[in-house]
**Student:** 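Take a look at this one; I'll ask things after.
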Amino acid sequence: MPARSQPVGVVWDTPSDGIRASADLLSIADLGLSAVRAPFNVSADVRRQADTLGISLFLETNVLFPVASTLADTAGWIRAQGSRLSTEGGAASFGLAYAPDTRKAEVCALLAEIAAAVAPIKTHFVSAYPHPDPCEDAVDVVLYRGGTVAGTALAGVGHPAGFGLGLQEQAYARFMPDLLGREAVVFLYRWRDGTPSSFAPRPLREHWGLHAADGSARPAVAVVGGALREGRTVFDRPAAERASRPASRYVLIGWILIILLLLADLRSLRFRAMVARYFTAHGIYRQSVADGRDSLALANLVLLVSIAVLIGLLAHLTNSLVRSGPVVAALWSWAGPGQRAVLDVLLTRPVLLSAAVASLVAISLVAWAGLLYLTAVRPSRGRFGQALTLALWPRWPVLLTLPCVMLVGSGPWSEVAILAACGFVAATGIWSYVRTSIDTVSCMRPGPVRAVLVWLLAPEVVAGVAALVALWSFGEEFSFLRSLAGS
């Protein structure tokens, strides 16, 4: 590998123990790495040792994914920390922020103002967007999430800027030689596994460090050392594929749901008759519900479980797509310690996430049935089973996502299929809300006030109102998340 004019570094969560920090710096230097990204508040001893070993320190604040208002509020504090480092020395560059919302001109102006105030120390930030960043002229160096543009700086390799690629550990090592060969400032993510970094956040505790938490080296260490110390470009590493989803579990759950639905159909003549009325003679279906003569308790239970489980599985599949992306990283960064712990559990334990979403869906539908019962069915001397039928049956389009859930385990089309299935569920949810409201008013003939309540108490309406309130309160953050999703 040709000699590099740009440093190769590593993201380093500096240990609080000075002896361990010193040992880490020695190991980093021995591996051939010449720079580290570290917290802005590292001790003077660490700065002196790094200078002695020829390691450039890129010291960064813990201002994570700031929007314009947040950066304006923290600008004074960032300026103070940069001025201190500029006076004390020992830092090659000062990181102003991690993934700021640089689409806004006021953010660029703030970054340029802070950079000028902390001079002569050099400044940088990690970009949330591909090259070129709109604010790249505001600082000396911009660290990018990735890309192939020569001369750009890369905030991470394997996990650019901490945003994951979903690859196996062997692939992380296998793709390193090409990435290390770029003529750019390159930082590997990261030196050692452990708790999420305070300055380079990763919401998931996946095993992507060059070393495990116990200090044992991973395959990537040999690649880095061979490339930087020996100039090697070819390594004896087996080919690795992207980690595949466990498709078998989706197929198994899908068949269980199919069997449950078939049993409900076979054991209940009334259920079969009601299905025929619903799809071929909807007026007769409404009359049957209004009369309340057909008991569909078992069928309704099977339908409720099937809908809830399917949406829970879709949540699991969606999580596999987005959990390593910048949107989740931003949400995780904005959350408090307790909320981060909950997010970590839900994101890393898909069974719990699926169970939580399925339970929430089931509770929402039963609660809506209860509200329909209180507002429209009970005044007409009906039973709760009638209200549950009105709430559940229009949700049947969710069952059409079952083939997608069963077959989406692998293949290049899977991501599109998952997103399409989620969009389908959201769109048909609105249609189902309208259908349930019309059927309820038609069957139970409530008065005007109760009819309005029927239309207003649906889960979709409650969720829509909550979304509007959140958008009103956090419009700047929502706009930033939307741009991150498209980047």
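Count residues from 1 along the sequence.
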**Student:** Under the side-chain contact (heavy atoms from CB on, under 4.5 Å) rule, what do Leu304 and Leu365 come out as? Steps first, then yes or no, please.
**Tutor:** CA-CA 8 Å; Leu304 175 64; Leu365 290 175; 3.9 Å; yes

**Student:** Under a 4.5 Å cut-off applied to non-hydrogen side-chain atoms, are Val36 and Ile28 in contact?
**Tutor:** yes

**Student:** Quick one: which residue pairs count as a salt bridge (Lys or Arg N to Asp or Glu O under 4.0 Å) with a foot in residues 86-96, not counting sequence neighbours?
**Tutor:**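 Residue pairs with at least one partner in residues 86-96: Arg47-Glu88, Arg84-Glu88.
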
**Student:** Got Ile78 and Leu71 here, is their nearest side-chain heavy-atom distance under 4.5 Å?
**Tutor:**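 Yes. Closest side-chain heavy atoms under 4.5 Å.
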
**Student:** May I have the step-by-step check of side-chain contact (heavy atoms from CB on, under 4.5 Å) for Val357 and Ile311, ending in yes or no?
**Tutor:** CA-CA 7 Å; Val357 172; Ile311 295 179; 4.0 Å; yes

**Student:** Among residues at least two apart in sequence or on other chains, which ones pass salt bridge (charged side-chain N to carboxylate O under 4.0 Å, His left out) with Asp24?
**Tutor:**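 Checked Asp24 against salt bridge (charged side-chain N to carboxylate O under 4.0 Å, His left out); matches are Arg192.
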
**Student:** Side chains of Val434 and Trp431: does their closest heavy-atom pair fall under 4.5 Å?
**Tutor:**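 No, every pair of side-chain atoms sits at 4.5 Å or beyond.
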
**Student:** Would you find a donor on one side and an acceptor on the other, under 3.5 Å apart, between the side chain of Ser22 and the backbone of Ile19?
**Tutor:**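 Checked: no pair found.
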
**Student:** Mind checking what makes salt bridge (charged side-chain N to carboxylate O under 4.0 Å, His left out) contact with Asp137, not counting sequence neighbours?
**Tutor:** none

**Student:** Do Ser216 and Asp214 have side-chain atoms, one donor and one acceptor, less than 3.5 Å apart?
**Tutor:**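 Yes, side-chain donor-acceptor contact under 3.5 Å.
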
**Student:** Can you list every salt bridge (Lys or Arg N to Asp or Glu O under 4.0 Å) pair that touches residues 458-467, not counting sequence neighbours?
**Tutor:**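 Output for this query lists Arg395-Glu460.
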
**Student:** If a pair satisfies salt bridge (Lys or Arg N to Asp or Glu O under 4.0 Å) and one of its residues is in residues 352-361, list it, with sequence neighbours excluded.
**Tutor:** none

**Student:** Stepwise, does the side-chain contact (heavy atoms from CB on, under 4.5 Å) test hold for Gln49 with Leu26?
**Tutor:** CA-CA 9 Å; Gln49 184 179 6; Leu26 289 171; 3.8 Å; yes

**Student:** From the options Arg20, Arg37, Arg190, select the one residue that forms a salt bridge (charged side-chain N to carboxylate O under 4.0 Å, His left out) with Asp13.
**Tutor:**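 Single salt bridge (charged side-chain N to carboxylate O under 4.0 Å, His left out) partner of Asp13 among Arg20, Arg37, Arg190: Arg190.
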
**Student:** Tell me, which pairs form a salt bridge (Lys or Arg N to Asp or Glu O under 4.0 Å) where one or both residues lie in residues 354-368, sequence neighbours left out?
**Tutor:**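 Salt bridge (Lys or Arg N to Asp or Glu O under 4.0 Å) check on residues 354-368 returns no pairs.
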
**Student:** Whether the side chain of Ser43 engages the backbone of Val46 through a donor-acceptor N/O pair (distance < 3.5 Å, no angle test) should be reported.
**Tutor:**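 Yes, the answer is positive, given that a donor and an acceptor are paired below the 3.5 Å cut-off.
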
**Student:** Can you tell if the side chain of Ser479 reaches within under 4.5 Å of the side chain of Arg103, non-hydrogen atoms only?
**Tutor:** yes

**Student:** I'd like a table of donor-acceptor pairs (distance under 3.5 Å, sequence neighbours excluded) in which one partner is a side-chain atom from residues 417-427, with atom names and distances.
**Tutor:**
none

**Student:** To the nearest 0.5 Å, how far apart are CD1 in Ile253 and OG in Ser306?
**Tutor:**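 So the gap between those two atoms works out to 12.0 Å.
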
**Student:** Is the closest side-chain heavy-atom distance between Ser86 and Pro120 below 4.5 Å?
**Tutor:**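 Ser86 vs Pro120: side chains touch.
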
**Student:** Any chance you could measure Leu252, atom CG, to Ile256, atom CD1, to the nearest 0.5 Å?
**Tutor:** 4.5 Å

**Student:** Quick one: list whatever passes side chain to side chain donor-acceptor pair (under 3.5 Å) with Ser69, sequence neighbours left out.
**Tutor:** Glu476

**Student:** Does the Ser354 side chain pair with the main chain of Leu313, one donor and one acceptor, at a distance under 3.5 Å?
**Tutor:** no

**Student:** Just by distance, do the side chain of Tyr144 and the backbone of Pro132 share a donor-acceptor pair under 3.5 Å?
**Tutor:** no

**Student:** Which residues pass the side chain to side chain donor-acceptor pair (under 3.5 Å) test with Glu113, sequence neighbours left out?
**Tutor:**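 Residues passing side chain to side chain donor-acceptor pair (under 3.5 Å) with Glu113: Arg79.
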
**Student:** What residues, two or more places apart in sequence or in another chain, satisfy side chain to side chain donor-acceptor pair (under 3.5 Å) together with Asn319?
**Tutor:**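 Result, side chain to side chain donor-acceptor pair (under 3.5 Å) vs Asn319: none returned.
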
**Student:** Partners of Arg229 by salt bridge (charged side-chain N to carboxylate O under 4.0 Å, His left out), sequence neighbours excluded?
**Tutor:** none

**Student:** Is there a side-chain contact between Trp191 and Leu31 in this structure, where contact means two heavy atoms from C-beta onward sitting under 4.5 Å apart?
**Tutor:** yes

**Student:** Using the ring of each side chain (for Trp, its six-membered ring), is Phe187 parallel, tilted or perpendicular to Phe58, with breaks at 30° and 60°?
**Tutor:** perpendicular

**Student:** For residues 60-110, which residue pairs pass the disulfide (SG to SG under 2.5 Å) check, not counting sequence neighbours?
**Tutor:**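 Only Cys108-Cys135 qualify under disulfide (SG to SG under 2.5 Å).
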
**Student:** Looking only at heavy atoms, which two atoms of Asp133 and Val142 are closest? And how far apart?
**Tutor:** CB-CG1, 4.2 Å

**Student:** Aromatic ring centroids of Phe65 and Tyr98 under 6.0 Å?
**Tutor:**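 Close enough - the centres of the two rings lie under 6.0 Å apart.
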
**Student:** What I'd like to find out is whether the side chain of Asp101 reaches to under 4.5 Å of the side chain of Tyr129, using heavy atoms alone.
**Tutor:**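 Heavy-atom side-chain distance check passes, below 4.5 Å.
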
**Student:** In terms of ring plane angle, is the pair Trp334 and Phe480 parallel, tilted or perpendicular, where the classes change at 30° and 60°?
**Tutor:** tilted

**Student:** Are any of the side-chain heavy atoms of Thr102 and Leu111 separated by less than 4.5 Å?
**Tutor:**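 Yes - at least one pair of side-chain heavy atoms lies under 4.5 Å apart.
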
